[in-house]
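Chain identifiers are assigned alphabetically (A, B, ...) following the order of the sequence lines, protein sequences preceding nucleic acid strands; residue numbering begins at 1 within each chain.
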Number of protein chains: 2
Amino acid sequence: MHPLAFILGEISVSILVVGSLALDTVETPFGSVQDAIGGSAMYVSAAASYFVTPIRLVGVVGGDFPAAGLAFLEGRHVDLEGLQIIQEGKTFRWSGRYHYDLNVRDTLFTELNVFESFDPKIPSKYKKSSCVCLGNIDPVLQRKVLDQIEKPWLVICDTMNYWIERKNSELRDTLRLIDVLILNDSEARLLSKEPNLIKAAKVIRGMGPGIIIIKKGEHGALLITDQMVFSAPAYPMENIFDPTGAGDAFAGGFAGWLGRTDDRSEENLKRAVIYGSALASFCVEKFGVDGLSDLTYLQIQDRFREFRELSRFEED
Amino acid sequence: MHPLAFILGEISVSILVVGSLALDTVETPFGSVQDAIGGSAMYVSAAASYFVTPIRLVGVVGGDFPAAGLAFLEGRHVDLEGLQIIQEGKTFRWSGRYHYDLNVRDTLFTELNVFESFDPKIPSKYKKSSCVCLGNIDPVLQRKVLDQIEKPWLVICDTMNYWIERKNSELRDTLRLIDVLILNDSEARLLSKEPNLIKAAKVIRGMGPGIIIIKKGEHGALLITDQMVFSAPAYPMENIFDPTGAGDAFAGGFAGWLGRTDDRSEENLKRAVIYGSALASFCVEKFGVDGLSDLTYLQIQDRFREFRELSRFEED
């Protein structure tokens, strides 16, 4: 049983995560890893699993995907019925190098492998998923997922520069079906063609998603709806070991909290942004998915409260 | 009488501002101004004057400084006894162009004129100033000011890349005498040689100032002491007309609030950062000093509360 279940009772919400599963080779100033398990769906699922279980995962790996990767997902209460394993294929691989200033990274190589022909098939028991998290994949595939789901309560979507530039009209078609778009500041500027982030969010809201979250890395995140702007602080980290997956851990924590509480009110959206930020902060403290492997309820709550202390001030 | 005086009673704190007075020629995507009154001391004084009056100003202008500039300062209750007017000289001039993305600006020209030989002389009645605000000027001059002041309660200092690179050892000598150093993120990284801002602040605290404020423009500000990190949000502005002076308005609002309340507690430092942010947000809404010309107590309080709303969240 999930530790939070003792406190918050039974959960009726189901979370479906669709995205990439990868083997990442990452260099940072503090060390490197080779073929570590990763991918957007891996990080989103792991983070969300601290709030709602089981997480429903749809993705694809090759026969080379390590058993330890499957064991990690199972350990995080992730249902693997939607995982396609193509025995004769190779898993998607990504390699990146982070600079001394961890805000800057170079992609060393990308090998799509089995991901190139990924065709997300939603198992029939997942078709009634209340919350759908679309990881950063081709917007055509994102839409294909949504076509298979019966009236989800909430659709959360991530995207990236690559799709904004190469598949803009397909992305715009997908955005019409989205409730929450999570993107970083440079992506928001690129998508909206507007340097001012508040205006950018307004432009993007006009494309469909009512709720925009702009991640700003070391500067925190903005949550923007038609009614409010909420500015979430960044956790003051002196030691970021590996930024890989932080954005996905954010999305997973955000989705997980909303799913668990079954509450889309503005006050609760703010909390979800803080839980997302908390999971992202745990993620970057260790290499790969290690930071999301064995957190406790108390740790997550403590970090939530640290975020509150960080930004709290009172009138005298 | 100052409008706040009704509410908060008599003020015993005196604020001394030393810095540049300038004629600014500024181009932004929204318009341009020529030879508008400006300079660090102008913006710091104007912002601080909403909290403590009279502000004591030490600076230098040429005979070409417009009477309207002096009238503006007098209208803001700035005591001009320390203002040197060199009739035969020309006022310091600065010209800059802001890009469509207002985070980027080019300096078009700088003419030091009378500022080149500025030798700050503190009038005897200013020598017992409780709070000293050192605008962004040569660290040798900053130190010369402090040598003339009797045990100030608080010394606040601004600096910039130019002095960090060209007068590093002189700046380090000045920093030993400073309580609060206000600088932007790139300056903090340059001074500390550390890309991580939390570590950078720790390094800079080792140079003398116990309180570090790192301004991050559209991303807000960090306040860092030995006991805490406080993350202040940025005001979500859709329309920034002219970013000139925002950093100085921040310093003035910060100093003004601390001076008025005569309270250096951590809780009050946080409030001061928010008042500083509020004054900076008013500053950039209009060209030049216009945004600081006729605010009311209610406007400043309202904006303070807007900042609180912007970052407030509660546990459920």
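For the options A:Met228, A:Glu194, A:Arg305, heavy-atom pairs under 4.5 Å to chain B are most numerous at A:Arg305. For chain A, the option among B:Lys216, B:Arg189, B:Glu315 with the highest count of heavy-atom pairs below 4.5 Å is B:Glu315. When each of A:Lys270, A:Glu238, A:Lys199 is scored by its heavy-atom pairs under 4.5 Å with chain B, the top score falls to A:Glu238.
Proximity to chain A is absent for every atom of B:Asp263, based on heavy atoms less than 4.5 angstrom apart. Proximity to chain A is limited to the side chain of B:Ile274, based on heavy atoms less than 4.5 angstrom apart. Using a 4.5 Å cut-off between heavy atoms, B:Met237 contacts chain A through its backbone alone, with no side-chain atom that close.
One distance of note links CG of A:Leu222 with CD of B:Glu218; it measures 8.5 Å at 0.5 Å rounding.
Separation of the B:Tyr275 and A:Phe313 ring centroids does not fall under the 6.0 Å cut-off.
The nearest pair of heavy atoms linking A:Val229 to B:Leu310 is O-CD1, 3.3 Å.
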| field | Intermediate values then yes/no, salt bridge (Lys or Arg N to Asp or Glu O under 4.0 Å), B:Arg312 and A:Glu314 | value | CA-CA 10 Å; B:Arg312 193 190 53 76; A:Glu314 306 293 344; over 6 Å; no
